[in-house]
Amino acid sequence: MRSTVTKTESMRLGAQPGEVIDRQQRFTFTWNGREYPAYSGDTIVSALSAAGERIFSRSFKYHRPRGLLTASYLDPNCILQVGDEPNVRAAHRRVTPGMTVRSQNTWPSLRFDLKAANQTIERFLPAGFYYKTFIKPQRLWPAYESVLRRFAAGGTVSASARHGSFDKRYVHPDVLVAGGGPAGMAAALAAAEVGAQVLLVEEEHELGGHLRWGGYEELQTLDALRAEVYAASNIEVMVDSVVAGRYDGNWVSVVQRNLPYLVERLVKARTKSLVVAAGLIERPYVFEGNDTPGVMLSTAARRLINLYAVKPGERAVVFTANPEGDAAVADLQRAGVEVARVVDARQGGRIVRARGGRGVHSVDCDDGERVRCDLLVTAVGWTAPTSLLNMAGDRPVYNPSAARFFPSQLSDDVLVTGGIVGDGPLDQLIDHGRATGREAARRAAVIAGALREATPQSLEPKSTSRKSVSVPEASPELPIVEHPALFRAITHGIVDYSEDVTSKDLFGAVEEGYSSIELVKRYTTATMGPAQGKLETVNVAAVVAEATDCSIEEIGTTVWRPPYSPITLGALAGRTFAPVRFSPMQQWHESHGASPLVAGEWIRPDHYGDPAAEARNVRTNVGLIDVTPLGKFDLQGPDVPHLLNLLYVNRWSKLDVGAVRYGVMCAEDGVVFDDGVTGRLDENHYVMTATSSGADAVWEWIENWLQTERPDWEVHATPVTSAYASINVAGPKSRELLLRVTEGIDLSPHAFPYMRVRSGRIAGIDDCFMWRIGFTGELSYEIHVPAAYGMFVWERLMAAGEDLRVGPFGVEAQRILRLEKGHLIVGQDTDGLTKAHAAGLSWAIKLDKDDFSGKPELVWQDAREDYFRLVGLQPLDDSLVPAEGSQIIDVNGSIAGRITSSRMSPTLERSICLGLVAPHLAEAGTTVTVKLPDEGRIPATVMAQHAHFDPEGTRLRG
Amino acid sequence: MIRIPCPYCGPRNASEFHYIGEQRSRPDPNQTTPARWRSYLYMQSNEAGWAAEKWWHGSGCRRYLIVERHTVTNEVRAIQPSAGDPRRRLRQEAAKSEGPTVEGDPD
């Protein structure tokens, strides 16, 4: 840091009636290492301007020194780095004590920027130069990239910057008013008076629009309106907020800034009617030197003087074409600026060029006079910011006598008021605002009525609809005042300040054949900067019209898209609300050292420290696993067997009461998408299970068939996944353990064989059911208890089985055990292309069934041989466990499959796998080559069956 | 974001629904050819204009609905429950029984 001497405020004026700075609160901040004073309420640029600073940045391509142009949010050359935050709109952002501000994209400094050398090679860097240069030779691309990157604009992002907070909010106002100037405030008040809920959104830090830098009468009107707005209980005001986009049905996004503890909030509003009162944006004039520091718009000069008490210069030339420009002359004189010359465009006067490098020092006028000055103020016209209306489907129409675009056809739920739609004295604007607000509220009430009508209140159909009758009020039209059409002087100048596009570039683009404004925009990048055309589009249209000898109406504007104003990625992301599901036994798992596994929305115990030991305990003694996330469906009705036949590939017509069957579900393309067991508890009562991750999809699937294809079937399907806590009791001692806690169920092998379901009392809890299935390959019972008793039953089992060495086992151990038995997991051992035959499930497919999901594709697959098969594999080196996903390579190096599941088996003490392999490699005994992720290759043998352990399943059926 | 006028729930944000696809009739799986079946599975006509679509009100009444929507303007001109409408069945059952009218009947 060089000098710490606080700079003085050479350009600060005395108190102004409408100033927004608080002279009682004074502090300092730094700009490029130097300390500067500021008042609370100053923007960064107003504080620096008060201290006499004029150069804030260097332009994007040519690195020309740039100063302030608009002194508003849109100011293109006031984009600075504030602390860790890049690309801050410094003519809008308020200074805070201790703020560190730096210029962007300059080296070594703002004053002396070596990259300004670009100016000397300007001839070689016209618009679109990158389409023609830096192309060959291709091997130099990395060099070109590193050079060009250094010259690209934008601040620096720090990877260690602290994250701010963001969130979202949903609102449903009756009327949303975009724009808090006089017309907007009037509309909000009128709508609120007739009872509407109003949301008023204003881009600046306070309400008022152009009234804020007006004269005594404007300030009086402003104070009165503002007080009324804040007094109304049904108007919510958001300042420093922007309506960013308007979507179908008045779905509107609002970016709200300036909130305590939040960087930004994205507000999503469904409003009944939308009132656009966005006012007008002043347009720059295109001429040689129009980007020199000291050249600014009339609104910029008036803001500086009236809002921030800053003198914009010492000696000024004013080029004016309208009353606002004349008012700027008066303000400048009042502020003690010497107005050397007023060039009046209405009398035919024109300026030709501004001269100066680091600051304007003279202006050439069309009568040959060269006027010495340090400030040039232009007031050549206005642009209507019609983007929101365009997003609502409106195509604005150019009015040549007023020299600006106007809205034309609006949908019923969008209204406009204020400067954007006409001119006139202040009281007329306010009257128009009030009428528009009342009409907006009326339309909102009609829409509310229609929404109520469309919402059914009973099972009976509506007999007559009572339409709400209200008469629309005739809205007074605003006059449209003539304005000279001023876009470009006789010299060439900057059209897009952010992208460094000159009017000469636009002529060049037209010469090269780009005559449509959409193509000119993309070729030259004009309007693609931070202002997104608000300052540039009309001038681009005018210059292109000039170059093509067409009218502005013929050229038109480019398409306006959301967002109107930038939104941070943080606000778009908001806060993350991710629901988490726990089983009733979660506390037990946590307190017993379970390592959590995120399985979709569920948190499940992955293991309790040693999954291999858990697996061994299941094979030796008895283990308990919490399988509550398993998808469960209660199916009731006489047509359930028909449904099961339709959804599964196997046959279900003859499932006795008390029997359980495994089913495979295919989608209509024959691809396996779920599996599970279904048990018949009673005559018309079944329980179906699905995979835990597929539970939601299976329910949707069931409903799809019942509602759309078979509505005549009587089946009631109720998802009961979280209604039951589910526990799998597995191991040779599982029967012994359950005998100690069950009542009313005969557990003897003869009475309760494999693949049967029984209901009864477990640990004193009624309404439980249990079935004998065998995912792990051991004697096992899956018990389902009403969820509220899950923890109780689990703890009872743990206590009752202590001497039997009962222990918990987690998802990892279960995976090992099922792999030893060769049981596939849908989505792990199958993928989005695996049809049922490929997964080795041909035994289950009953093609003679009349109809089931996937039948046609499975019939056709059956007739072919060329599909990959799921096979068991064992690496020759039994200590090597290939990573899942490792590819299987053919002799000529092409991919012929992959390992889908792979583990070290504690039971067999060797590595075991399942994999999908090409048909010519699928025969038992074949040796395949597995390519590991580290490029190593190992051989593996294809097994005759999927099961590596107990292929006959004797342990299951005991 | 568009609103879908669900016949059971009223106009709701499209985010409550799941768009399934164009409404097509399922060919007879026993009579069909691979070309015809795969056209049913994968091909959509995707025209700019009125389309009959299948939507599912997943975050609401969980009913499948046939929606007639204009794919350019997003206007919905007709919406009805797909095939089985529980309201119709309940009304029929209520009409059969001699008991009081269905609950919720406005007076």
Side-chain angles (χ1 to χ4, degrees), chain A residues 170 247-253 268 270 393 411 447 450-463 646 667-671 696-697 699-717 719 847 849-861 863, chain B residues 1-15 18 20 23 25-34 36-38 40-42 54 56-58 61-66 72-76 79 81-91 93-94 101-107:
Chain A
Y170 292 83
Y247 305 88
D248 287 290
N250 270 352
W251 181 245
V252 173
S253 57
K268 301 194 192 184
R270 176 77 76 183
S411 55
I447 291 169
L451 286 171
R452 267 195 303 276
E453 288 287 306
T455 305
Q457 305 295 327
S458 76
L459 291 168
E460 294 302 313
K462 291 253 181 300
S463 42
L646 184 63
E668 295 230 76
D669 56 3
V671 172
D696 286 340
W699 186 22
E700 235 182 275
W701 190 234
I702 292 171
E703 287 295 328
N704 177 44
W705 286 101
L706 290 175
Q707 288 182 35
T708 69
E709 293 289 338
R710 303 283 185 271
D712 43 308
W713 284 355
E714 200 180 321
V715 176
H716 299 272
L847 290 176
K849 280 202 297 182
D850 180 44
D851 184 12
F852 63 90
S853 175
K855 179 177 178 184
E857 287 291 347
L858 292 176
V859 166
W860 299 325
Q861 186 184 39
Chain B
M1 131 141 76
I2 65 175
R3 270 178 296 203
I4 310 280
C6 178
Y8 299 104
C9 311
R12 307 294 302 176
N13 282 352
S15 55
H18 183 193
I20 312 290
Q23 171 69 5
S25 52
R26 182 171 180 257
D28 182 348
N30 293 309
Q31 304 286 329
T32 191
T33 61
R36 175 81 188 82
W37 185 253
R38 283 150 196 179
Y40 159 72
L41 285 179
Y42 306 117
K54 194 161 149 185
W56 177 64
H57 197 181
C61 56
R62 304 192 70 99
R63 302 307 298 180
Y64 281 84
L65 306 160
I66 309 295
V72 177
T73 63
N74 280 324
E75 194 194 325
V76 172
I79 182 165
S82 165
D85 181 354
R87 284 190 306 188
R88 203 185 309 131
R89 190 160 45 81
L90 284 165
R91 255 182 265 123
E93 282 169 17
T101 47
V102 181
E103 219 174 71
D105 204 13
D107 277 302

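All values below come from the heavy atoms of this structure, side chains included, with hydrogens, waters and symmetry mates left out. Chain letters run A, B, ... following the sequence lines, proteins first, then strands; residues in each count from 1. Just so you know, these numbers come straight off a predicted model, no measurement behind them.
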| field | Where B:R26 and A:F852 come nearest, the two heavy atoms and their spacing | value | NH2-O, 4.3 Å
| request: Examine whether an atom of B:I2 lies under 4.5 Å from a heavy atom of chain A, and if so say whether it belongs to the side chain, the backbone or both; otherwise answer neither. | output: both
| Does any non-hydrogen side-chain atom of A:D669 lie less than 4.5 Å from one of B:Y42? | yes
| Closest-packed option against chain A by number of heavy-atom pairs under 4.5 Å, given B:S25, B:A14, B:C9 | B:C9
| task | Measure A:D850 against the heavy atoms of chain B and call it side chain, backbone, both or neither at under 4.5 Å. | result | both
| field | B:P5 versus chain A, the contacting section by heavy-atom distance below 4.5 Å | value | neither
| task | Can you tell which part of A:E709 gets under 4.5 Å to a heavy atom of chain B, answering side chain, backbone, both or neither? | result | side chain
| note | In terms of heavy-atom pairs under 4.5 Å with chain B, the winner among A:R270, A:E703, A:E857, A:K855 is A:R270
| note | For A:P856 and B:P29, the nearest pair of non-hydrogen atoms, with its separation, is CG-CB, 3.7 Å
| message | Does any backbone or side-chain atom of B:R62 lie under 4.5 Å from a heavy atom of chain A? Answer side chain, backbone, both or neither. | response | both
| request: Below 4.5 Å from any heavy atom of chain B, which atoms of A:D712 appear? Answer side chain, backbone, both or neither. | output: neither
| said: How close do B:R63 and A:Q707 get, counting heavy atoms only, and between which atoms? | reply: CA-OE1, 3.2 Å
| A:E700 CD to B:Y64 OH distance, which is reported to the nearest 0.5 Å | 4.5 Å
| field | Closest heavy-atom pair and its distance - B:W37, A:E668 | value | NE1-O, 3.1 Å
| note | CH2 of A:W860 to OG1 of B:T32, rounded to nearest 0.5 Å, is 5.0 Å
